[in-house]
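Structure first, commentary second.
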Amino acid sequence: MNKYTAEVLQFLKNKYPWEKEFIQSVTEVFESISYIMEFNPIYQNHRILERIVEPDRTISFKVPWKDDQGKIHVNSGYRVEFCNVLGPYKGGLRFHASVNQSSLKFLGFEQIFKNALTGLLLGGGKGGSDFNPRGKTDGEIQNFCQSFMMEMSRHLGPRTDVPAGDIGVGAREIGYLFGTYRRLRNSFDGVLTGKGLGWGGSHLRPEATGYGVVYFTEEMLKQVNENLDGKTVAVSGFGNVSWGVVKKVNDLGGKVVTLSGPDGYIYDPEGITGEKVDYMLKMRLSGRDIVADYSTEFKVDFKREKRPWEIPCDIAIPCAIQNEMNESDVKTLLANGTKCIVEGANLPLTLEAMKLVQESDAMYAPGKASNAGGVACSGLEMSQNALFLKWSRDEVDKRLHEIMRNIHTQCHEAALEFNMPGNYALGANVAGFRRVANAMIDQGIN
Ligand code: GLU
């Protein structure tokens, strides 16, 4: 690693030794951009790395709420407003027991470069709460969202900060959050994305992350004269991203054979098609957060507490959560002949797993490139809101497809520039970083 890059990384490790996931994501980005630091002293002169690793601000607040029995609970809420040199802070809200400042800093940091790759005017941020939606009633979810927005509302604005969904936050939660914002501020603003279609949402937003992942996969496969037709695909998770992936893989002639939850995974060798795809939505809405229900409903195998990566597949798409695929999972996949690993989630591969797949012949797509379709469609939703217009489904799909192709081209070309053809991780980090860093230089020290 180049000297300046290594020094900033060491400084960060000393300053925030407990922020393991954040350090992991910075290490991953720094290893790639180390190459450009060497030949572009301007970034060091402007102290871009020190400036980029510190969020503009982190808002931390309490979220008190009442359950159906009248008992009062208190959760922690956060918004990490990381960087707005390219546009309003943009990134999802995650409601999950694992949420803390370190995990949100890592997600916010990733989001800066992901959003830059979309080519739209989007800054980077992330927020959420350690509130666990599992087993909560609709009324409890509403109470929680209203309390969360009581504080969050004062930090948002269509040109300031525009959150969206992420794990544990879907259309229903966005509805409750938006309603509270609208009432508190007496203003109908495009201040959240992923809104309902009838009140400012965009066509395709629910599917966009998953569709984008598959569009990116298609582009990668084209490089080796391949396509998705007839391919077996292993997917993890059963939420929003997995659902979109399953739908688009089916459209393009592939077959998804696994889904997973915190309880284990299901193996459906016939493929997840038709009513089974709709059943994914029911599982999500049930709030039970277990995938075993699928095996009961459709009489397929369920492997308790196992991950789907032991099933032979051509393509593996981890769509659940960070660090869900380790070195030994990658070894198993490669031994079984997997040719392509595409990240649907944010940083689902550990650093070691990522290195291993990069050293192999298999192709690898980093989440900040391959899962950017969700936030890209959010950007399209913001554009539509600003125009007070709604584009057709085809129009949005065309734009989304174009953005994903363009992200692929940027990654591909940046990798070629450094003589590392096919290294999408390097390409994504370099292309994303350059856009942000150059804007920072243009805009002066602030
Ligand atoms: N949570 C999604 C992501 O990780 C979407 C963010 C957004 O639409 O703002 O990119």
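Note that ligands are numbered from 1 as they come in the structure, with each ligand's atoms numbered from 1 the same way. Throughout, residue positions are numbered sequentially from 1 according to the sequence presented.
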Could you check atom 9 (O) of ligand 1 against the protein and tell me its nearest heavy-atom contact, residue, atom and distance included? K90 NZ, 2.7 Å
Identify the closest protein heavy atom to atom 5 (C) of ligand 1: which residue and atom is it, and at what distance? R205 NH2, 3.4 Å
Quick one: nearest non-hydrogen protein atom to atom 6 (C) of ligand 1, plus distance? G92 N, 3.6 Å
Starting from atom 3 (C) of ligand 1, which protein heavy atom do you reach first, and at what distance in Å? K114 NZ, 3.4 Å
Nearest-neighbour protein heavy atom for atom 1 (N) of ligand 1, which is reported as residue plus atom name and distance: D166 OD1, 2.8 Å
Atom pair CG (N323) and CD (E21), whose distance is rounded to the nearest 0.5 Å: 6.5 Å
From G379, S378, G128 - option closest to atom 8 (O) of ligand 1 by heavy atom: S378
Give a yes or no on whether R159 atom CZ has more than 12 heavy-atom contacts from other residues, nucleotides or ligands under 6.0 Å away. no
R154 with E151: basic N within carboxylate O range, under 4.0 Å: yes
Look at K355 together with E359 and state whether they make a salt bridge at an N to O cut-off of under 4.0 Å. no
Does G165 come within less than 4.0 angstrom of ligand 1, counting non-hydrogen atoms of the residue? yes
Numbered atoms of ligand 1 (with element) below 4.0 Å of Q111, judged on heavy atoms: 3 (C), 4 (O), 6 (C), 10 (O)
Closest protein heavy atom to atom 7 (C) of ligand 1, given as residue, atom name and distance to 0.1 Å: A164 CB, 3.4 Å
Do V191 and R185 have side chains that approach each other closer than 4.5 Å (heavy atoms only, starting at C-beta)? no
Salt bridge E226-K231, side-chain N to carboxylate O under 4.0 Å: yes
Mind checking whether K126 contacts ligand 1 via backbone (N, CA, C, O), side chain (CB onward), both or neither, at a 4.0 Å heavy-atom cut-off? side chain
Measuring from K368:NZ to Y424:OH, what's the distance to the nearest 0.5 Å? 15.5 Å
Give a yes or no on whether a salt bridge exists between R94 and D166, defined as a side-chain N under 4.0 angstrom from a carboxylate O. yes
What I want to know is whether N371 and ligand 1 share at least one N or O pair that is separated by under 3.5 angstrom. no
